[in-house]
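These notes are about the structure you will find just below.
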2 protein chains.
Amino acid sequence: MTGHDRPLTARVEALREGVRRVNAKLPDLPAREVVLMRMLCLLGWEFTTNLDRRLRKHGLNDTDFRTLMVLFSSPDGMAHPSDLCHLVTLSRTNMTRIGDVLVARGLVTRTPSLEDRRRIVMRITAKGEALVRKLVPPLYPVLTALFADFGVREKRQLEALLLRLAAAFDAVDFRKES
Amino acid sequence: MTGHDRPLTARVEALREGVRRVNAKLPDLPAREVVLMRMLCLLGWEFTTNLDRRLRKHGLNDTDFRTLMVLFSSPDGMAHPSDLCHLVTLSRTNMTRIGDVLVARGLVTRTPSLEDRRRIVMRITAKGEALVRKLVPPLYPVLTALFADFGVREKRQLEALLLRLAAAFDAVDFRKES
DNA sequence: ACCTTATAGTTCATTACTGAACTATTTTTC
DNA sequence: GAAAAATAGTTCAGTAATGAACTATAAGGT
């Protein structure tokens, strides 16, 4: 197990204190920004690992599931591997492997494309559709519970803030210098 | 490469559309909540991978770096592996490996504890301190740029919202049912 | 004091992911 | 319309993480 399931709030508190101590040694540190980014990472990671744990009982992991969901949401339930790997932010290499898994489990078919013979068409099967319809609804109460404390206004606020942050990521070139 | 560096805003937009199409097929889906959680994951992941790319030039990855930072922030620059792995949310197994890496690079020492002979004491070296002081300041402009668009008030708002979400994670038992 | 239980760190096997190299196609360019 | 460049998918080798099993030490209960 990763963090022995220590409460997230405790980990956030430890993070703040850690950053405060670093800030004492490096006075120019933009402490609030560091805390915000690390909290974002923490929350995202927490969600992913928890979701993963639930999916594993059904023989899927988070990336298999996301891939399946994209297919589920696609017109005619089909897409090319390279489109998929863009959409779920994974390498083509990995999408080959995920395809293997999903095909082996009968959730997806993989057939050569007729229009472009380099390509493959992945298509969700009836069994895949059924699995999605079985797995997803039990997640609703979890998702609503996570945001139960939030009003519509606050959810919109959060979404807007995250969207602006996404835009900032695109504007900042992370890669340059040092 | 993961997503061929497609802009984050484009990926967020694709996410929204995907969720909207899923919602058309599963009308009870709490769409806004799904989008929020996935945006959080996306942003956290984007930060981590970009940071990782920068660190790699110096022979570290994100988890090595976080471990080193926790030691940097610790009183006397020392901590036990099991404390560290709680703080950075990694397995003890992995902390052994990270210790190996950091020791091999001369950034940390590892000595048996005298009080408790099961334990090991990891301590950041002068070289480790120096590396932190060299690596961290060049990150300041990136971090401030990411939040350049945000006022103090908005940063506080975001922090408060994320904190409440963290508390909600602790309250919700993700593991139960299905 | 002794037996049980818990904790610390490691090793080992396994899972998941990536980048580079390769083959097969399609698109572009001149 | 042929050569060059780009794109799609796969294989392979390497990196990073995990959980289970193991050894050693410490703490608790009676």
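In what follows, every chain begins at residue 1, and chains take the letters A, B, ... in the order their sequences are listed. We use all heavy atoms of the structure for the numbers below, so side chains are in, but hydrogens, waters and symmetry mates are not.
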Roughly, in whole Å, what's the span from [atom1] in [X] to [atom2] in [N]?
X        : N      : atom1 : atom2 : value
A/Leu60  : C/dA16 : CG    : P     : 10 Å
B/Leu90  : D/dG19 : CG    : C1'   : 14 Å
B/Asp52  : C/dG19 : CG    : P     : 11 Å
B/Leu114 : C/dA8  : CG    : C1'   : 16 Å
B/Ile98  : D/dT18 : CD1   : C1'   : 12 Å
B/Leu102 : D/dA16 : CG    : P     : 12 Å

Using a cut-off of strictly less than 4.0 Å, decide whether [X] has a side-chain nitrogen or oxygen near OP1 or OP2 of [N].
X       : N      : value
A/Thr63 : C/dC17 : yes
B/Arg56 : C/dT18 : no
B/Asn94 : D/dA16 : no
B/Asn61 : D/dT15 : no

Side chain to side chain donor-acceptor pair (under 3.5 Å): pairs with one or both residues in residues 94-108 of chain A, sequence neighbours excluded
A/Asn94-A/Arg97, A/Asp100-A/Arg110
Are B/Val70 and B/Val101 linked, directly or through intermediate hydrophobic residues, by side-chain heavy-atom contacts shorter than 4.5 Å (ILVMFWY only)?
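No, B/Val101 and B/Val70 fall in different hydrophobic clusters.
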Consider only side-chain heavy atoms of I, L, V, M, F, W and Y, link residues closer than 4.5 Å, and tell whether A/Val34 and B/Leu163 are in one cluster.
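The answer is yes; both residues are in one hydrophobic cluster.
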If you measure only the distance, is there a donor-acceptor pair under 3.5 Å linking the side chains of B/Asn50 and B/Arg53?
yes
Just checking, is any N or O donor in the side chain of A/Thr9 or B/Asp170 under 3.5 Å from an acceptor N or O on the other one?
yes
Taking C-beta and beyond as the side chain, do [X] and [Y] meet within less than 4.5 Å on heavy atoms?
X        : Y        : result
B/Met69  : A/Val22  : yes
A/His80  : A/Ile120 : no
A/Leu60  : A/Leu107 : yes
A/Val132 : A/Leu71  : no

Roughly how bent is the helix from C/dA1-D/dT30 to C/dC30-D/dG1 end to end, in steps of 10 degrees, with each end axis from five pairs?
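About 40°, once rounded to a multiple of 10°.
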Where along nucleotides 1-11 of chain D does protein come under 4.0 Å, by heavy atom, of base (B) or sugar-phosphate alone (S), with - for untouched nucleotides?
-----BBBBBB
